[in-house]
Amino acid sequence: MENKCPQCGRECGNIKMYKLTAVMFLVAVTITKTLYLSGCPECLRKQLAKHSLLYFFPCNIFWPFFTLPQVIYYWIKSGKPGPSPLWLEYTESVKQVIEEQAAVQEAAIPKEDLPALDLHQNSRHQNGAVYRAGGGEFGLRPAGMLLIWALAVIPVVSYGYAWATYTLTDLYLRMIIPAVWVLAHGFIIRQIAVRSGCHSPDGLRIAAVLLGLWNLYCAWVCWICIMSQHDALIFDPVHIWNIIKHLAEQGMWGLAEGQVFSPAEHFAVWALEAVLFIATPLVMVWNAVSQVPICSLCRKKLQLFHQLRQRNPPDNPVLFKKSLRHGDLAELAALPERAFADYLVIQILHCPDCGGVYLLKITYCIDNVKNGKVRTSCRPFMPMVYVEASEIAKLGKP
């Protein structure tokens with residue numbers, strides 16, 4: 001493992017690992033986070049170049065003072081022979097974790113053969129079919145909290161947003177304020193869903209779109225009210241549309257400094273604002289809640305049926321995933337047991353009430369060193385697929 005590049009996989013005795021500080025500057029808020037980059041000199045320099053480009057805009061005025069010096073320093077340092085001390089520390093920590101987890105597996109799963117798995121022979125789904133979530137429960141609690149957010153908070157903040165964008169003369173601030181507000185809006189929706197127990201990804205996405213539309217509508221209502229100096233808010237969509245058309249025909253934008261725009265520019269700005277308000281929260285909540293696998297027949301949560309020992313990732317992930325989508329588990333059974341920092345966690349889920357419903361779930365995990373400790377990060381390796389009982393038997397005895 002010490003000589004294998006974690007990026008390209010080739011053998012190299014010059015592996016480096018460096019710790020960088022990423023900076024994001026948002027007007028009055030500065031966000032910093034620690035990043036670890038590792039790999040052979042060629043891969044590491046590609047990562048450094050990508051990092052410098054990725055943080056050019058988020059870091060903005062701090063980029064020449066924080067991001068660029070770090071990239072230049074580690075770019076030069078990556079050319080030195082031999083592995084870096086942080087990489088050696090990392091590999092030693094990972095070795096210890098692998099040994100500890102192997103001992104746990106040996107204690108939990110003995111080497112001698114166990115009785116044959118009790119498999120229901122009549123599979124209810126096509127072998128290799130991708131699991132399509134029917135949707136878990138959205139929940140009354142997240143629905144109620146999102147409703148409170150929509151009725152009590154969004155109208156108030158929208159008025160402040162409309163007032164700021166109308167009265168401020170600084171173009172930079174008028175661009176930053178919408179971005180900050182929609183990011184905060186999407187973040188709140190995401191946090192409400194995660195912390196209140198929402199288990200319906202599709203329902204959450206629909207809610208994000210509806211809340212984005214409501215947020216946009218409130219902003220337009222408040223903006224028109226401030227611009228026209230009405231004492232009362234105009235909520236009639238037909239009346240609002242007539243005002244928008246009138247502004248376009250007059251070639252006016254009505255900003256505080258009296259700047260005039262053409263009708264095409266007028267509608268372009270409103271269209272961009274609409275896309276920003278609707279798309280941003282949708283993207284932020286797209287994978288916010290975990291999809292709880294549910295039986296398509298009885299709508300109950302699937303239970304763990306069988307878990308394999310941790311395995312090494314395949315050499316060719318594309319062909320490996322293709323074989324699994326055809327329902328063939330022979331290559332999965334042939335994977336060697338874990339020997340590296342990255343590995344696969346393989347589980348078979350089933351419905352004990354219905355029988356014949358077996359779902360293959362594979363998670364890709366990697367151990368990383370953070371603040372001197374090994375931390376594990378995981379993500380789905382591929383979409384979950386249904387497997388037949390005869391294919392599960394290829395996995396052998398647990």
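Just so we're clear, the structure is a prediction, and the values are computed from it rather than from any experiment.
Other residues sharing a hydrophobic cluster with Val156 under the 4.5 Å side-chain heavy-atom criterion for ILVMFWY residues do not exist; the residue is a singleton. Hydrophobic cluster membership for Val275: none, as no Ile, Leu, Val, Met, Phe, Trp or Tyr side chain comes under 4.5 Å of it.
Residues forming a side-chain hydrogen bond (donor to acceptor under 3.5 Å, both in side chains) with Gln347 (at least two apart in sequence, or on another chain): Gln307. For Ser158, the side-chain hydrogen bond (donor to acceptor under 3.5 Å, both in side chains) criterion is met by Asn215, not counting sequence neighbours. Qualifying side-chain contact (heavy atoms from CB on, under 4.5 Å) partners for Leu151, counting only residues two or more places apart in sequence or in other chains: Leu147. In terms of the side-chain contact (heavy atoms from CB on, under 4.5 Å) criterion, residue partners of Val209 (sequence neighbours excluded) are, by chain and number, Leu213, Ile278, Leu282. For Phe56, the ring-ring contact (aromatic ring centres under 6.0 Å, His included) partners are Trp63, not counting sequence neighbours. In terms of the side-chain hydrogen bond (donor to acceptor under 3.5 Å, both in side chains) criterion, Tyr74 has no residue partners (sequence neighbours excluded). By the side-chain hydrogen bond (donor to acceptor under 3.5 Å, both in side chains) test, His185 pairs with Trp149, sequence neighbours left out. Annotation: side-chain contact (heavy atoms from CB on, under 4.5 Å) contacts of Leu276 (sequence neighbours excluded): Pro178, Val182, Thr280.
Residue pairs meeting the salt bridge (charged side-chain N to carboxylate O under 4.0 Å, His left out) criterion with at least one member in residues 42-70, sequence neighbours excluded, are Arg10-Glu42. Among residues at least two apart or in separate chains, there is no salt bridge (charged side-chain N to carboxylate O under 4.0 Å, His left out) pair with a member in residues 181-196.
Lys16 contributes a side-chain N or O that, together with a main-chain N or O of Gly82, makes up a donor-acceptor pair within less than 3.5 Å. For the pair Gln191 (side chain) and Phe187 (backbone), a donor-acceptor distance under 3.5 Å is absent.
Tyr386 and Tyr358 have their aromatic ring centers separated by at least 6.0 angstrom.
For the side-chain contact (heavy atoms from CB on, under 4.5 Å) with Phe381, the lone residue among Ile346, Thr363, Leu344, Val345 that qualifies is Leu344.
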